[in-house]
Novice: 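This structure is in structure tokens; I'll ask about it shortly.
Note that these values count all heavy atoms, side chains included, but never hydrogens, waters or copies made by symmetry. We count residues from 1, following the sequence as given.
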Amino acid sequence: MTRMVGLLDRKPASLRTRRVLVAAAMVVFLAVSIPSLGVLREGQALRPAVLPLLILVTTPLTVLANAAEYRVMGAVNGHRIAWRDATQLTVLAAVANLLPLPGGVVVRTQALRRQGSSTGRALQANLAAGLAWIACGALAVGALLLTRPTQRLLAVGLLLLAVGLGAAVAVLLHRAAPGRAAAHLGQLLAIEAGIVAVSATRVWLAFTLLGFAAQPAQAVAISGSVIVAAAIGIFPAGLGLREALAGAIAVAVDLPANRAVAATAADRVAAQVGLALVAGALALFLRAPAVDEDALDDPALHPVDLP
């Protein structure tokens, strides 16, 4: 707890420091991904043409979706956050997400506090975003599992969970900003649904990359391992835990566990390479002139739904 309080009380870094951190993020992602490239040989019929889609399309889309989420969190607290700052925050957060601690809530709360929010309102925005993500994931998996007779009981349970969590999000947003609660709820649910869709697409592409077959419904179900691993939050970026969960979910949706584990690992590697490229682009092209530091978000790390 002392460590968390210390993080919340950190001073905002300078613009120069932000650029250094973004460049460092690129190095970290490359260092993490290069030794792991061997996983891409796990497939029996590797299809390298799929790799650019994973690296250059779905990873940047995930970054932008998480940046949009943070912008809504800021709006809930009455702040306008620039796309540039939200994107920087998202990329840098992926580095912190490699640590075995729930740093996401801490750093987002710190960033919102630096904008002028109270700790309570900042925590409400964090909680609303997290619950909306889980709700959308549960809704997607539950709806798709309804077509499988052996999983209908689980599907109904997930759909009920989604409804309950959606109601909880609505209550949290109403408490934080009564006049804009409906608009914020719609924006947040749309963004979280997009995150779930991109995550499932990444899983499906990873299966295709390794020469394996997976139905869209199965890919959506396996992508749920990202949400569960993130919710637990004690493993570095869900390392190992996400793969184990993917294997367990695969058995439930009639897929070989080893293929799901390999595809999940391949998705993780591609995401790290993609994040390195995004971080490099930010370091090269986001060379804004000096501005008032109080007008910027804290550069502290914002967690991203990437492996």
Side-chain angles (χ1 to χ4, degrees), residues 19 21-43 45-71 82-95 97-98 190-214 216 219-220 222-223 225-226 230 237-239 242-243 246 260 262-287 301-307:
R19 291 171 179 163
L21 287 173
V22 172
M26 178 180 66
V27 175
V28 170
F29 290 129
L30 286 175
V32 170
S33 59
I34 289 174
S36 305
L37 292 175
V39 73
L40 299 182
R41 296 194 295 268
E42 294 292 333
L46 190 65
R47 300 176 183 176
V50 177
L51 198 55
L53 293 175
L54 275 169
I55 294 175
L56 301 176
V57 178
T58 57
T59 298
L61 283 176
T62 304
V63 171
L64 288 175
N66 278 272
E69 176 194 68
Y70 182 67
R71 281 167 52 86
W83 276 103
R84 179 196 62 192
D85 299 321
T87 304
Q88 259 187 319
L89 200 67
T90 298
V91 171
L92 291 173
V95 178
N97 212 29
L98 296 173
I191 291 168
E192 303 303 341
I195 292 175
V196 171
V198 173
S199 182
T201 301
R202 281 168 37 203
V203 170
W204 181 80
L205 287 173
F207 270 94
T208 304
L209 171 68
L210 297 178
F212 301 141
V220 171
I222 292 173
S223 70
S225 63
V226 180
L239 186 61
R242 184 190 165 194
E243 284 76 9
T264 301
D267 176 32
R268 181 191 296 278
V269 174
Q272 299 299 339
V273 175
L275 281 168
L277 294 176
V278 172
L282 286 171
L284 286 174
F285 300 115
L286 292 185
R287 301 182 180 276
L301 314 172
H302 172 48
V304 59
D305 168 35
L306 287 175

Novice: Where is the tightest heavy-atom contact between Val198 and Thr58, given as atom of each residue plus distance?
Specialist: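 Shortest heavy-atom separation between Val198 and Thr58 comes out as CG1-O, 3.6 Å.
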Novice: Ile55: what forms a side-chain contact (heavy atoms from CB on, under 4.5 Å) with it, not counting sequence neighbours?
Specialist: Leu51, Ala270, Val273, Leu277
Novice: Of all heavy-atom pairs between Ala246 and Ser225, which one has the smallest distance, and what is that distance?
Specialist: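 Looking at all heavy atoms of both residues, the closest pair is N-CB, 3.8 Å.
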Novice: Would you say that Thr62 contacts Arg202 through its side chain, given a criterion of any heavy-atom pair below 4.5 Å between the two side chains?
Specialist: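 With C-beta onward as the side chain, the pair touches.
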Novice: Restricting to side-chain contact (heavy atoms from CB on, under 4.5 Å), what partner residues turn up for Ala193, sequence neighbours left out?
Specialist: Cys136
Novice: Closest approach of Phe207 and Ala260, non-hydrogen atoms and distance?
Specialist: CZ-CA, 3.6 Å
Novice: I need the minimum non-hydrogen distance between Ala206 and Ala263, along with the two atoms involved.
Specialist: CB-O, 3.2 Å
Novice: Could you tell me which non-hydrogen atom of Pro48 sits nearest to which non-hydrogen atom of Leu209, and how far apart they are?
Specialist: CA-CD1, 4.2 Å
Novice: Evaluate Val203 against Thr264 for side chain to side chain contact (heavy atoms under 4.5 Å, CB included), listing each step before the verdict.
Specialist: CA-CA 7 Å; Val203 170; Thr264 301; 5.6 Å; no
Novice: Counting C-beta onward and ignoring hydrogens, is there a side-chain heavy-atom pair between Leu54 and Thr59 closer than 4.5 Å?
Specialist: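 Of all side-chain heavy-atom pairs linking Thr59 with Leu54, none is under 4.5 Å.
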Novice: Can you tell me how far CZ of Arg47 sits from CG of Leu205, rounded to the nearest 0.5 angstrom?
Specialist: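 Atom-to-atom, Leu205:CG and Arg47:CZ are 11.5 Å apart.
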Novice: From the options Leu61, Thr90, Thr87, select the one residue that forms a side chain to side chain contact (heavy atoms under 4.5 Å, CB included) with Asn66.
Specialist: Thr90
Novice: If you take all heavy atoms of Ser199 and Val226, which pair is closest and at what distance?
Specialist: OG-CG2, 3.9 Å
